[in-house]
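Some notes on the structure that comes next.
First listed ligand is number 1; within each ligand, the first listed atom is number 1. The basis for the numbers below is simple: all heavy atoms, side chains too, and nothing from hydrogens, waters or symmetry mates. Just so you know, these numbers come straight off a predicted model, no measurement behind them.
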Amino acid sequence: MSRVTLSRYLIEQTRSNNTPADLRFLIEVVARACKEISHAVSKGALGGVLGSMGTENVQGEVQKKLDVISNEILLEANEWGGHLAGMASEEMDNAYQIPGKYPKGAYLLVFDPLDGSSNIDVNVSVGTIFSVLRCPDEYLSQNDSLDEQAFLQPGTKQVCAGYAIYGPQTMLVLTLGNGVKGFTLDRELGSFVLTHDDIRIPESTAEFAINMSNSRHWEPPVSRYVEELLAGEEGPLGKNYNMRWVAAMVADVHRILTRGGLFMYPRDSREPSKPGKLRLMYEANPMSFIVEQAGGVSTNGLERILDIQPTSLHQRVAVYLGSKEEVERVTAYHQA
Ligand code: F6P
């Protein structure tokens with residue numbers, strides 16, 4: 001049986017889709033780092049990697065040891081290759097400057113090193129989310145430190161987005177803007193092998209994901225919509241819906257890419273100054289790019305997420321993504 005590895009897929013993309021060689025190299029390095037993270041995650045208590053660091057990230061969230069380890073792995077793997085002008089991570093206050101001893105390249109790498117980290121200590125799926133942007137020419141200088149403004153590009157500018165999910169299998173799901181491919185890690189060979197050739201999200205679904213414990217904080221359109229979902233066959237939507245919530249965006253989105261569904265993390269009244277919990281640059285943009293490439297839809301309730309012009313690195317956003325019919329319905333309720 002001829003197996004298509006990630007390397008082969010990327011080389012073929014260079015030939016058929018004009019994927020630049022330095023972008024190919026960058027994706028391979030990210031994939032290698034994800035293998036290392038997968039290995040660290042799978043060690044658990046045996047590797048001494050569980051538990052918290054006793055520090056907080058810029059969001060004021062307690063950092064787990066594996067958050068910090070995963071961040072270090074991604075930085076170290078990517079800083080020396082000469083393909084990046086800079087990096088930004090959910091775990092770091094400011095953009096990461098490529099050390100002066102290494103050459104700089106044309107791309108920017110943005111990542112959430114370990115998404116869903118409240119799942120780590122309970123042995124439930126977590127993942128790494130990443131996004132690649134081109135560094136605008138005006139910020140490309142070999143000598144100066146990189147201005148954070150360079151990163152503030154709408155999601156439509158992403159040239160690649162992906163995630164690795166560390167679950168019963170480790171998978172890498174990737175888009176270069178021409179569909180979505182899924183690769184499963186063959187642990188014996190140490191390579192990602194193409195196993196999901198054309199991932200598509202069905203237009204209709206009867207499954208939704210939301211943290212119901214926040215319902216008292218929701219805005220009226222969200223409450224109305226979720227009430228209708230819960231009303232089932234007797235309600236206005238005329239069908240019974242099932243609910244799932246893994247509390248790791250990677251895992252919830254992966255399920256939606258596999259069998260359809262709707263993921264919601266609405267804006268709510270807990271912190272009125274913050275429009276939602278999830279991060280635009282590290283979570284919402286890469287996942288929205290993947291979801292759209294798989295035929296799904298992604299909005300913040302009012303507009304397409306990929307069209308939002310970011311104003312800061314750690315900006316938050318409300319997220320509704322997945323099967324077209326339901327995302328469009330809940331978006332219409334907001335717009336009304
Ligand atoms: O980064 C945020 C995150 O862990 C997501 O992966 C996940 O969807 C969400 O938070 C879970 O939030 P909550 O703990 O409120 O259910």
Side-chain angles (χ1 to χ4, degrees), residues 34 37 41 50 52-53 55-68 70-71 74 88-93 110-131 161-167 171 173 207-219 222 226 243-258 261-272 274-291 296 298-301 305 312-322 327 330:
C34 290
I37 298 171
V41 168
L50 302 186
S52 92
M53 285 292 287
T55 50
E56 284 186 355
N57 65 14
V58 62
Q59 331 279 337
E61 297 160 345
V62 175
Q63 286 181 306
K64 296 282 171 84
K65 283 186 196 165
L66 270 169
D67 285 324
V68 175
S70 306
N71 197 51
L74 281 157
S89 161
E90 191 191 298
E91 295 300 332
M92 297 185 302
D93 297 10
V110 176
F111 51 83
D112 177 355
L114 207 62
D115 174 66
S117 49
S118 69
N119 281 350
I120 294 171
D121 294 343
V122 292
N123 201 359
V124 176
S125 296
V126 288
T128 298
I129 309 174
F130 64 94
S131 154
Y163 65 81
I165 178 165
Y166 314 118
M171 282 190 70
V173 173
E207 196 162 69
F208 69 100
I210 193 165
N211 184 340
M212 290 291 294
S213 71
N214 296 325
S215 59
R216 68 190 182 284
H217 306 294
W218 291 341
E219 293 176 338
V222 188
V226 175
M243 200 204 87
R244 288 285 183 270
W245 185 249
V246 186
M249 189 192 195
V250 162
D252 281 310
V253 170
H254 190 70
R255 185 188 58 254
I256 289 169
L257 285 163
T258 308
L262 166 69
F263 172 91
M264 296 179 272
Y265 211 116
R267 166 197 191 109
D268 62 40
S269 61
R270 279 175 296 170
E271 289 182 272
K274 292 183 182 154
K277 177 181 183 191
L278 302 180
R279 271 44 72 132
L280 176 61
M281 307 278 301
Y282 314 108
E283 296 170 313
N285 270 344
M287 289 310 202
S288 300
F289 189 20
I290 294 168
V291 162
S298 178
T299 76
N300 68 352
I305 285 186
S312 69
L313 267 185
H314 297 286
Q315 183 171 341
R316 297 179 189 238
V317 67
V319 176
Y320 301 85
L321 62 77
V327 180
V330 66

_The criterion is side chain to side chain donor-acceptor pair (under 3.5 Å); which residues satisfy it with Asn300, sequence neighbours excluded?_
none
_Give me each pair satisfying salt bridge (Lys or Arg N to Asp or Glu O under 4.0 Å) with a member in residues 276-290, each pair once, sequence neighbours excluded._
Glu61-Arg279, Glu90-Arg279, Arg279-Glu283
*Mind checking side chain to side chain donor-acceptor pair (under 3.5 Å) for Asn285 and listing every partner two or more places apart, or none if nothing turns up?*
none
*Could you tell me whether a side-chain N or O of Ser131 sits under 3.5 Å from a main-chain N or O of Ala161, the two making a donor and an acceptor?*
no
*Is it true that Phe263 and Trp245 have ring centroids separated by less than 6.0 Å?*
yes
_Under 3.5 Å donor-acceptor, Asp115 side chain and Met249 backbone_ = yes
_Atom-level proximity to ligand 1, residues with heavy atom under 4.0 Å_ = Asp115, Gly116, Asn211, Trp245, Ala247, Ala248, Met249, Phe263, Tyr265, Lys277, Leu278, Arg279, Glu283
